[in-house]
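Report on the structure given below.
All values derive from a computational prediction rather than experimental measurement. Just so we're on the same page: letters track the sequence lines, and every chain starts at 1.
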There are 2 protein chains.
Amino acid sequence: MEDAISILRRCDIQPTPQRIAVVECVLTSKSHPSADDVFSGAREKCPTVSRATVYNTLNLLVEKGLLRMQTMKEGAVVFDPNIEKHHHFIDEETGAIYDIPWDQLEVKGKRGLNDFEISEYQVILRGRRKKK
Amino acid sequence: MEDAISILRRCDIQPTPQRIAVVECVLTSKSHPSADDVFSGAREKCPTVSRATVYNTLNLLVEKGLLRMQTMKEGAVVFDPNIEKHHHFIDEETGAIYDIPWDQLEVKGKRGLNDFEISEYQVILRGRRKKK
DNA sequence: AAACATTCTTGACACCGTCTAAATTAGTAT
DNA sequence: ATACTAATTTAGACGGTGTCAAGAATGTTT
């Protein structure tokens, strides 16, 4: 697994201890951390890191295409390290977000969307995850 | 067009001047007002209405099924008076949200979603609206 | 009118995210 | 190494969104 420093270098971002902590945290975290989740995690590795640096770094990573920003939960944006195209399922009871592989849903557009130039899309499903 | 008082009565909500102002505002507003949009509008009809009352009323209306709450814009929830099933298109330049009629897109699920009990879904499209 | 229940307002509060100024750090040149 | 410059980080202030509690106002019942 590529380590945080190489990742940062590959993206022309200077690897500082703070940024390394953020990257390590994002990559090992559950799949859809909020900025605050990352902040807490990064604090453990680098106790002096500030809120502003975490936000700055996350935004940098989004700019460079390492993360996607998703506004799905109320009140807070979440970050998605899965940058492949995929859909999302939101458990209405727990709020958990699950990735749905792109090819498990097929979306077919009918006529009538001529006014719009679509650059991307995704399906957002809501419901309950079955306890198996 | 049904007036605000009848709408409130129909939903077993006591029609007070403040609530009437909120309902009138939501129904005549552009299609996806934020809570703050509604607050500003309601202030014009009822200058003493408070922020808290606007939030309370909007949540009441969502409970009763008169509005849908959507978390699509960053930083703020928007309310959708269109409670028919429909999809959404978000203009990435302007942030404007357009409704896409339900039958203009067809979503077909493949096998593999057995773990999930889907209660609702929608497609979110992003891009640019063509200036015709 | 008195008692009661609803509703509304005000102001305080918590949270998210951004911004700024100042301090620290890293990088470069001498 | 030293000095200089640029990049980065920090702490705290700030604005916006949304919630909450206490009291004031309103309406209803008796």
Taking only distance into account, with no hydrogens and no angle test, what donor-acceptor pairs under 3.5 Å do side-chain atoms of residues 76-85 of chain A form with protein atoms, sequence neighbours excluded?
{"unit_1": "A:D80", "atom_1": "OD1", "unit_2": "A:N82", "atom_2": "N", "d": "2.9"}
{"unit_1": "A:D80", "atom_1": "OD2", "unit_2": "A:H32", "atom_2": "NE2", "d": "3.2"}
{"unit_1": "A:D80", "atom_1": "OD2", "unit_2": "A:H86", "atom_2": "NE2", "d": "2.9"}
{"unit_1": "A:D80", "atom_1": "OD2", "unit_2": "A:H88", "atom_2": "NE2", "d": "3.0"}
{"unit_1": "A:N82", "atom_1": "OD1", "unit_2": "A:E84", "atom_2": "N", "d": "3.1"}
{"unit_1": "A:N82", "atom_1": "ND2", "unit_2": "A:D99", "atom_2": "OD2", "d": "3.0"}

List the steps and the verdict of side-chain hydrogen bond (donor to acceptor under 3.5 Å, both in side chains) for B:Q70 and B:Q122. CA-CA 11 Å; B:Q70 297 277 354; B:Q122 66 167 304; 3.1 Å; yes
By the rule that ILVMFWY residues connect when side-chain heavy atoms come within less than 4.5 angstrom, directly or transitively, which residues belong alongside B:I100? A:F89, A:Y98, A:I100, A:W102, A:L105, A:V107, A:L113, A:F116, A:I118, A:Y121, A:V123, A:L125, B:F89, B:Y98, B:W102, B:L105, B:V107, B:L113, B:F116, B:I118, B:Y121, B:V123, B:L125
Stepwise, does the salt bridge (charged side-chain N to carboxylate O under 4.0 Å, His left out) test hold for A:R128 with B:E117? CA-CA 5 Å; A:R128 264 189 292 285; B:E117 208 170 90; 3.8 Å; yes
Looking at A:R129, is its backbone amide N or carbonyl O close enough to the side chain of A:D91 to form a donor-acceptor pair, meaning the two atoms are under 3.5 Å apart? yes
Let me know the distance between CG of B:D36 and P of C:dC16, rounded to the nearest Å. 20 Å
Distance-only check: which donor-acceptor pairs under 3.5 Å involve side-chain atoms of residues 39-46 of chain B, not counting sequence neighbours?
{"unit_1": "B:S40", "atom_1": "OG", "unit_2": "B:D36", "atom_2": "O", "d": "3.0"}
{"unit_1": "B:R43", "atom_1": "NE", "unit_2": "B:V49", "atom_2": "O", "d": "3.0"}
{"unit_1": "B:R43", "atom_1": "NH1", "unit_2": "B:P47", "atom_2": "O", "d": "2.9"}
{"unit_1": "B:R43", "atom_1": "NH2", "unit_2": "B:V49", "atom_2": "O", "d": "2.9"}

Taking all non-hydrogen atoms of both residues, which atom of A:I90 and which atom of A:G95 are closest, and how far apart? CG2-O, 4.4 Å
Qualifying residues under salt bridge (Lys or Arg N to Asp or Glu O under 4.0 Å), relative to A:E63, sequence neighbours excluded: none
Side chains of A:N56 and A:T53: do they bring a donor and an acceptor to under 3.5 Å? no
Rest of the hydrophobic cluster containing B:Y55 (Ile/Leu/Val/Met/Phe/Trp/Tyr, side-chain heavy atoms under 4.5 Å)? none
Applying salt bridge (Lys or Arg N to Asp or Glu O under 4.0 Å), can you list everything that pairs with B:R126, at least two apart in sequence or on another chain? none
Nearest-Å distance, CG (B:L58) to P (C:dC8)? 13 Å
Just the atom pairs and distances: protein N or O near nucleotides 22-26 of chain C's N or O, under 3.5 Å.
none

In whole angstroms, how far is the P atom of C:dC16 from the CZ atom of A:F79? 12 Å
Using five pairs at each end of the helix from C:dA1-D:dT30 to C:dT30-D:dA1 to define an axis, what is the angle between those two axes, to 10°? 10°
Near DNA chain C, under 4.0 Å by heavy atom, which residues of residues 44-57 of chain B? B:T48, B:V49, B:S50, B:A52, B:T53
Can you list, pair by pair, the side-chain donor-acceptor contacts under 3.5 Å of residues 5-15 of chain B, counting residues two or more places apart and other chains?
{"unit_1": "B:S6", "atom_1": "OG", "unit_2": "B:D3", "atom_2": "OD1", "d": "2.2"}
{"unit_1": "B:R10", "atom_1": "NE", "unit_2": "B:E2", "atom_2": "OE2", "d": "3.0"}
{"unit_1": "B:R10", "atom_1": "NH2", "unit_2": "B:E2", "atom_2": "OE1", "d": "2.9"}

Residues which pass salt bridge (Lys or Arg N to Asp or Glu O under 4.0 Å) with A:E92, listed by chain and number, not counting sequence neighbours: none
Calculate the interatomic distance between B:F39 atom CZ and C:dC8 atom P; express it in whole Å. 14 Å
Chain B contact limits on DNA chain D, taken 5' to 3' with a cut-off of 4.0 angstrom to heavy atoms: D:dT17 to D:dC20
